[in-house]
There are 2 protein chains.
Amino acid sequence: MSGVPVTIKDIARMLGISVSTVSRALKDHPDISAETKEKVSETARKLNYRPNALALGLKSSKSKTIGVIIPEIVHFFFSSVISGIEDAAYEAGYNVIVCQTNEMYERETMVARTLLDHRVEGILISVAKTSMKFDHLAMLQDNGIPLVFYDRLCTVIDTDAVIIDDFKGAYMATEHLISVGCHNIVHFAAPENILIGKLRREGYCKALEDNNIPVDPYNIYLCDTMEKVAEKISRILSRKPLPDGIFAVNDSTAIGAIQEIKKAGLRVPEDIAVVGFGNGPHAVISCPTLTTIDQNGYEMGYEATRFLLDRIVKANILVSARKKVFTPSLIIRQSTGRNTQNTRF
Amino acid sequence: MSGVPVTIKDIARMLGISVSTVSRALKDHPDISAETKEKVSETARKLNYRPNALALGLKSSKSKTIGVIIPEIVHFFFSSVISGIEDAAYEAGYNVIVCQTNEMYERETMVARTLLDHRVEGILISVAKTSMKFDHLAMLQDNGIPLVFYDRLCTVIDTDAVIIDDFKGAYMATEHLISVGCHNIVHFAAPENILIGKLRREGYCKALEDNNIPVDPYNIYLCDTMEKVAEKISRILSRKPLPDGIFAVNDSTAIGAIQEIKKAGLRVPEDIAVVGFGNGPHAVISCPTLTTIDQNGYEMGYEATRFLLDRIVKANILVSARKKVFTPSLIIRQSTGRNTQNTRF
DNA sequence: TTGTAAGCGTTATCAG
DNA sequence: CTGATAACGCTTACAA
């Protein structure tokens with residue numbers, strides 16, 4: 001029962017006609033008689049014929065496939081981006097190959113090569129935190145493969161990008177903390193090479209300045225994973241005076257901080273208010289629930305794919321790099337709630 | 001600067017030699033002189049030559065690609081499965097095409113066809129909740145594409161599967177509830193067609209029976225999403241007597257239940273103890289933290305891929321369908337903790 | 001209306 | 001040691 005895929009040749013042989021006739025019949029070419037078409041499509045259906053995408057791709061130099069380079073699928077934000085990408089791609093008849101880098105530069109160069117090998121027609125990428133060189137991306141462009149950044153871009157490659165306004169999001173988050181009475185606000189920052197790290201820090205600083213709060217460099221910690229939180233939190237919580245607010249570069253570190261603060265016998269938000277970035281599902285599970293910045297993963301994936309498809313059909317001849325910048329929104333929850341006596345929830 | 005990928009032909013032309021010589025030189029064929037090899041590999045490197053995977057696949061009928069059919073990437077369990085799959089695949093030099101079904105039968109048949117079109121050498125699949133017919137999977141087998149199930153299998157297709165012992169996990173979860181004093185235990189069940197629904201329900205029932213607690217069919221609710229929890233919880237919480245335990249088929253519904261229980265002014269675990277299934281990251285964020293069954297997503301993905309690769313190299317001639325059954329483990333946390341006065345965390 | 005043949009990029013077979 | 005040539009599955013001029 002386990003055979004080998006049926007080809008156009010099999011159909012031709014079976015019907016005693018030529019492969020070109022079969023090929024044309026299958027794509028409803030006007031030259032072919034209705035009768036032949038009928039016979040062909042019937043046997044095709046009966047044999048469960050499916051066109052060989054490899055052959056098609058080779059012939060047309062169009063693989064009808066786009067590649068996605070993504071740091072880590074396990075994060076809600078990134079997996080929702082993928083959903084947006086898939087939907088947009090399928091709508092346009094494209095397939096998607098997803099490759100994870102696990103935040104490793106090494107792996108990123110590897111998957112870039114793999115995607116080139118597979119002659120994907122375009123690539124969506126969010127760069128790994130450890131990537132400082134970008135020759136591998138230039139190489140893709142040299143090969144005529146259009147590139148679009150989503151969420152994390154690098155400035156040395158000039159192409160389309162779909163991002164949110166990280167600066168503004170950070171500004172809003174920080175200003176919100178100030179508005180609920182915080183003066184001594186710690187920032188958990190991400191590395192600067194991925195730009196979001198830089199922009200979110202800048203947004204944080206600007207909000208402080210605009211409110212006449214001096215920026216204290218000691219209030220900025222490179223702290224973008226749970227592990228780093230665990231590593232640094234005790235130092236932070238033993239500071240005098242105690243910080244009264246934390247703006248974290250992502251939800252996980254914000255929630256990690258909340259848990260540690262509670263463990264230390266302090267209260268959120270009464271002692272320390274906390275804001276995250278991302279608005280993943282954790283935000284509503286955490287206790288207190290997390291005030292955070294919504295990041296529109298699905299929409300970003302969808303729009304980035306639209307950009308890419310546009311470049312693909314236009315053969316990448318667009319000169320100007322377009323940017324689509326989503327406006328972040330602040331989702332206020334208990335972790336900054338003024339009157340929130342229900343930390344116990 | 002934006003060109004078209006370099007082919008073996010370009011190298012040949014550039015060097016004034018034949019394509020076959022180039023081909024052989026590139027794969028270090030013994031017949032080729034060291035000098036020629038040197039020249040070829042140098043220009044290849046200089047031009048950034050990368051073999052066309054489509055041509056290779058067409059020629060060899062080996063796409064070096066495996067397909068993954070997955071219900072929804074956004075769930076932690078499934079995205080960790082993907083990580084395991086990717087690692088195992090890359091180790092073996094295979095690429096991965098991931099397709100989501102969003103739990104829709106329609107989409108499942110679609111992506112099955114797409115993967116066949118792309119001549120993937122094998123497919124890993126966890127069936128959608130709504131799939132009741134499986135002709136599309138039989139069709140893949142008819143085309144000689146080996147199949148391996150992970151987590152959710154269907155019984156009408158006989159092939160390898162990597163699962164956890166759902167029955168046992170459910171049994172352990174239920175027995176644990178009994179051991180902390182629950183007698184009136186509600187079960188949130190998944191639909192039965194995906195087998196895990198059936199097995200987890202059976203494990204639940206068996207644990208009750210073994211402990212001389214009669215199974216009350218009214219204690220079993222078809223409730224496997226947050227939405228369904230919201231829909232049914234008030235009916236459950238207004239029952240007299242109040243259930244004193246809930247065993248939910250997954251973590252999300254368990255946590256949804258916890259939140260609703262707290263909202264209703266009841267305490268977890270004092271009034272109602274709760275156990276989930278999955279041990280995703282939510283489990284430690286929830287308040288109280290969630291007692292649950294660990295599901296080994298990464299390992300399942302890895303092992304399933306090993307099975308699949310094995311079938312691929314053995315040309316799928318293995319007769320017997322192998323099963324790898326992971327033993328679940330119970331992770332006890334606050335949601336069933338006896339002495340947990342800290343529900344407020 | 002249908003068939004023949006070339007070609008997409010690569011490898012393998014066969015000659016030289 | 002190297003070069004033609006055919007073949008993988010399919011499309012598409014060009015012939016018939």
Side-chain angles (χ1 to χ4, degrees), chain A residues 3-41 43-44 47-65 113 116-121 143-145, chain B residues 3-41 43-44 47-65 113 116-121 143-145:
Chain A
V4 100
V6 176
T7 75
I8 211 177
K9 256 186 186 166
D10 299 323
I11 300 178
R13 198 176 320 115
M14 186 152 279
L15 259 41
I17 60 182
S18 78
V19 293
S20 42
T21 304
V22 176
S23 169
R24 283 185 279 239
L26 285 172
K27 43 186 37 187
D28 207 24
H29 190 105
D31 279 0
I32 304 295
S33 74
E35 190 195 8
T36 313
K37 278 182 192 168
E38 178 54 32
K39 278 194 308 195
V40 168
S41 56
T43 36
L47 300 185
N48 232 308
Y49 167 76
R50 295 259 80 211
N52 183 324
L54 275 52
L56 290 176
L58 182 57
K59 184 97 241 291
S60 63
S61 325
K62 284 182 179 348
S63 59
K64 282 286 177 184
T65 302
R113 270 195 294 271
L116 170 57
D117 291 355
H118 283 259
R119 298 300 185 265
V120 295
E121 294 185 47
N143 279 279
I145 301 182
Chain B
V4 97
V6 176
T7 74
I8 211 175
K9 259 187 184 167
D10 300 322
I11 300 178
R13 198 177 320 115
M14 185 152 281
L15 259 42
I17 59 180
S18 77
V19 292
S20 32
T21 304
V22 176
S23 170
R24 282 185 282 236
L26 285 172
K27 44 187 36 185
D28 206 25
H29 189 104
D31 279 1
I32 304 295
S33 75
E35 191 196 7
T36 313
K37 278 183 191 168
E38 179 52 32
K39 279 194 307 193
V40 169
S41 55
T43 37
L47 299 186
N48 233 307
Y49 167 76
R50 293 258 80 210
N52 184 323
L54 274 54
L56 255 29
L58 181 57
K59 184 99 242 288
S60 64
S61 326
K62 285 184 177 345
S63 59
K64 282 286 177 186
T65 302
R113 270 195 294 270
L116 170 57
D117 291 355
H118 282 260
R119 299 300 187 263
V120 295
E121 294 185 47
N143 278 280
I145 300 182

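Throughout, a chain's letter reflects where its sequence line sits, starting with A, and its residues are numbered from 1. Every value quoted in this text rests on a predicted model; they were computed, and no experiment measured them.
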Q: Between A:L54 and B:E35, name the one whose nearest nucleotide on DNA chain D is closer to the 5' end.
A: B:E35
Q) Mapping B:R24 and B:L58 to their closest nucleotides on DNA chain D, which lands nearer the 5' end? A) B:R24
Please give, in whole Å, the distance from [N] [atom2] to [X] [atom1]?
{"X": "A:Y49", "N": "D:dC10", "atom1": "OH", "atom2": "P", "value": "4 Å"}
{"X": "A:I8", "N": "D:dC10", "atom1": "CD1", "atom2": "P", "value": "5 Å"}
{"X": "B:H29", "N": "C:dC14", "atom1": "NE2", "atom2": "C1'", "value": "13 Å"}
{"X": "B:I32", "N": "C:dT11", "atom1": "CD1", "atom2": "C1'", "value": "13 Å"}
{"X": "A:D28", "N": "C:dT1", "atom1": "CG", "atom2": "C1'", "value": "15 Å"}
{"X": "A:K62", "N": "D:dT12", "atom1": "NZ", "atom2": "P", "value": "12 Å"}
{"X": "B:R119", "N": "D:dC10", "atom1": "CZ", "atom2": "C1'", "value": "11 Å"}
{"X": "B:L56", "N": "D:dG9", "atom1": "CG", "atom2": "C1'", "value": "15 Å"}

When rounded to the nearest 0.5 angstrom, what is the spacing between [atom1] in [X] and [atom2] in [Y]?
{"X": "B:I32", "Y": "B:E38", "atom1": "CD1", "atom2": "CD", "answer": "14.0 Å"}
{"X": "B:R24", "Y": "B:T21", "atom1": "CZ", "atom2": "OG1", "answer": "5.5 Å"}
{"X": "A:N52", "Y": "B:L116", "atom1": "CG", "atom2": "CG", "answer": "9.0 Å"}

From [options], pick the nucleotide closest to the side chain of [X]?
{"X": "A:S20", "options": "D:dT2, D:dT11, C:dT4", "result": "C:dT4"}
{"X": "B:S23", "options": "C:dT11, D:dG9, C:dT1", "result": "C:dT11"}
{"X": "A:K59", "options": "D:dA4, D:dT11, D:dC1", "result": "D:dT11"}
{"X": "A:S33", "options": "D:dG9, C:dG3, C:dT2", "result": "C:dT2"}
{"X": "B:T21", "options": "D:dC8, D:dT11, D:dT2", "result": "D:dT2"}
{"X": "A:N52", "options": "D:dT11, D:dC10, C:dT10", "result": "D:dC10"}

Would you find a donor on one side and an acceptor on the other, under 3.5 Å apart, between the side chain of [X] and the backbone of [Y]?
{"X": "A:S63", "Y": "A:R119", "value": "yes"}
{"X": "A:N143", "Y": "A:I145", "value": "no"}
{"X": "B:S60", "Y": "B:L56", "value": "yes"}

Contact class for [X] (heavy atom, under 4.0 Å): base, sugar-phosphate, or nothing?
{"X": "B:T7", "answer": "sugar-phosphate"}
{"X": "B:I17", "answer": "sugar-phosphate"}
{"X": "B:S61", "answer": "nothing"}
{"X": "A:T36", "answer": "sugar-phosphate"}

Q: Output yes when at least one side-chain N/O atom of A:K9 is less than 4.0 Å from OP1 or OP2 of D:dC8, else no.
A: yes
Q: Using the closest heavy atom to pick a nucleotide of DNA chain C for each, name whichever of A:D31 or B:P5 lands nearer the 5' end.
A: A:D31
